[in-house]
Amino acid sequence: LLKADKPTKQKMKNIFRALDVNRKGEIDRTSLGVAFKKLGLGLSDDEVDAIMSDIDINSDGDIEFQEFEDWFSQQDPVAIFLDAQYEVYAKKRIELGRSIFKAIDSNRLGVVGRELLGRAFDNVLDMGLKDDEVDKVMLEINNKSSSTTIDQATFETWFLEINPVARLLETQYNNVVVKRRREMSRNIFAAIDFKNRGNIDISTLRKAFKAFKIGVDNEQIVQVMRELINNTETPIDTAMVSPRQFETWFLEQTKIGLLL
């Protein structure tokens, strides 16, 4: 049997917000099904209907937080499974949110203002939002506060929730940014692979950085090489990097990777 620690109220609020995909403060049957699917619970329509019935005690068609808290606190097997799946989801979602924030934060300051957010939505993510729509997203990310900037932690907290704008942002990031950076990765790797061997070593990397006129010292090049081979025990001087390894590193948008 699955076992779990007694959930905290804050954790239940986090999971409830993740299920509240329409940001209404309550969860209807459609939202519950969408969220369960997103969290990878693998439940049939009949099973979702049964869970909806179990949670929605007053049978008004919506799950309020108090109803969810009462159900979740009873540690129903489905609630325990939901808890575990949410932990997996949250970890992956935060990592993705961090990558998207880096794509938006082109100034690399760790904070994003309204102008930069709008420019990223338009030029980087090709979302086609109007000015007033960007203003609404800015307000939503900052949890309706009047702050003029968004920091990474605030963005990750907002992105963790399964809401329509975050879903659109995720789709555009995968379709536009990731696709574009994968193409860039292949082109850059081909340019670095002077001898056309299909892999590169640290000597080739040094020559490439020099040819590209990227001001990095030998210590930084060694660090890049370690990142490329994922810090394995392979000696740096004999390690070889494949196109796939290079692409994985390049998609992480490290400071040096962005210089390329």
Side-chain angles (χ1 to χ4, degrees), residues 91-127 134 141 149-156 159 169-260:
K91 183 178 179 180
K92 291 181 179 178
R93 190 81 178 167
I94 287 172
E95 290 174 354
L96 178 58
R98 187 173 298 127
S99 296
I100 294 176
F101 184 85
K102 287 180 180 179
I104 294 173
D105 181 23
S106 57
N107 293 335
R108 298 294 173 260
L109 296 177
V111 293
V112 175
R114 164 61 180 79
E115 182 181 351
L116 187 57
L117 184 68
R119 194 162 64 239
F121 281 174
D122 187 30
N123 300 332
V124 178
L125 295 160
D126 194 23
M127 292 178 70
V134 177
I141 294 174
T149 59
I150 301 167
D151 60 32
Q152 182 173 311
T154 300
F155 182 85
E156 289 173 5
F159 189 75
L169 188 56
E170 177 183 359
T171 298
Q172 289 302 103
Y173 176 76
N174 287 328
N175 290 344
V176 179
V177 178
V178 173
K179 182 179 178 181
R180 184 184 300 153
R181 289 192 67 79
R182 281 194 172 124
E183 291 174 354
M184 289 175 62
S185 170
R186 287 192 287 270
N187 292 336
I188 293 171
F189 188 89
I192 292 175
D193 184 17
F194 303 111
K195 298 180 180 179
N196 198 28
R197 295 183 302 182
N199 51 51
I200 55 176
D201 57 18
I202 193 166
S203 175
T204 306
L205 201 60
R206 288 192 181 102
K207 291 177 182 177
F209 281 135
K210 185 176 181 180
F212 294 160
K213 297 182 180 180
I214 297 175
V216 293
D217 57 30
N218 186 62
E219 184 177 345
Q220 290 173 303
I221 294 173
V222 169
Q223 178 58 37
V224 169
M225 195 68 185
R226 290 195 182 282
E227 292 170 358
L228 284 165
I229 63 174
N230 199 24
N231 291 309
T232 62
E233 297 299 321
T234 306
I236 292 295
D237 291 337
T238 59
M240 303 298 288
V241 178
S242 68
R244 183 65 179 272
Q245 287 173 304
F246 185 83
E247 179 183 288
T248 299
W249 171 81
F250 191 72
L251 287 175
E252 290 175 356
Q253 302 180 84
T254 63
K255 289 183 178 179
I256 295 178
L258 289 167
L259 290 174
L260 290 170

Contacts of type ring pair (Phe, Tyr, Trp, His ring centres under 6.0 Å), residue Phe189, not counting sequence neighbours: Phe246
Partner residues of Glu247 under the salt bridge (Lys or Arg N to Asp or Glu O under 4.0 Å) criterion, sequence neighbours left out: Arg182
Donor-acceptor contact present, side-chain Glu183 to main-chain Arg180, <3.5 Å: no
Distance-minimising heavy-atom pair for Gly97 and Phe159: CA-CD2, 3.5 Å
Side chain proximity check, Ile229 to Ile236, heavy atoms < 4.5 angstrom: yes
From Ile100, Asp126, Leu125, residue fulfilling side-chain contact (heavy atoms from CB on, under 4.5 Å) relative to Val177: Leu125
Partners meeting ring pair (Phe, Tyr, Trp, His ring centres under 6.0 Å) with Phe101 (sequence neighbours left out): Phe155
Whether Thr248 side chain and Arg244 backbone form a donor-acceptor pair below 3.5 Å: yes
Nearest heavy atoms of Gly198 and Pro243, plus distance in Å: O-CD, 3.2 Å
Where at least one partner belongs to residues 110-122, residue pairs that pass salt bridge (Lys or Arg N to Asp or Glu O under 4.0 Å), sequence neighbours excluded: Arg114-Asp131, Arg114-Asp135, Glu115-Arg119
Ile94 vs Glu156 side-chain heavy atoms within contact, under 4.5 Å: yes
Phe121 side chain near Ile104 side chain, heavy-atom distance below 4.5 Å: yes
Residue pair Ile192, Thr204: steps toward the side chain to side chain contact (heavy atoms under 4.5 Å, CB included) verdict: CA-CA 7 Å; Ile192 292 175; Thr204 306; 3.9 Å; yes
Short side-chain to backbone donor-acceptor contact, Gln152 and Arg98, under 3.5 Å: no
Which residues share a salt bridge (Lys or Arg N to Asp or Glu O under 4.0 Å) with Glu170, sequence neighbours left out: Lys38, Arg93
Salt bridge (Lys or Arg N to Asp or Glu O under 4.0 Å) contacts touching residues 184-197 (sequence neighbours left out): Arg197-Asp201
Donor-acceptor pair, side chain of Arg206 and main chain of Ile221, under 3.5 angstrom: no
Leu205 vs Val241 side-chain heavy atoms within contact, under 4.5 Å: no
Asp105 side chain reached by Val111 side chain, heavy atoms, under 4.5 Å: no
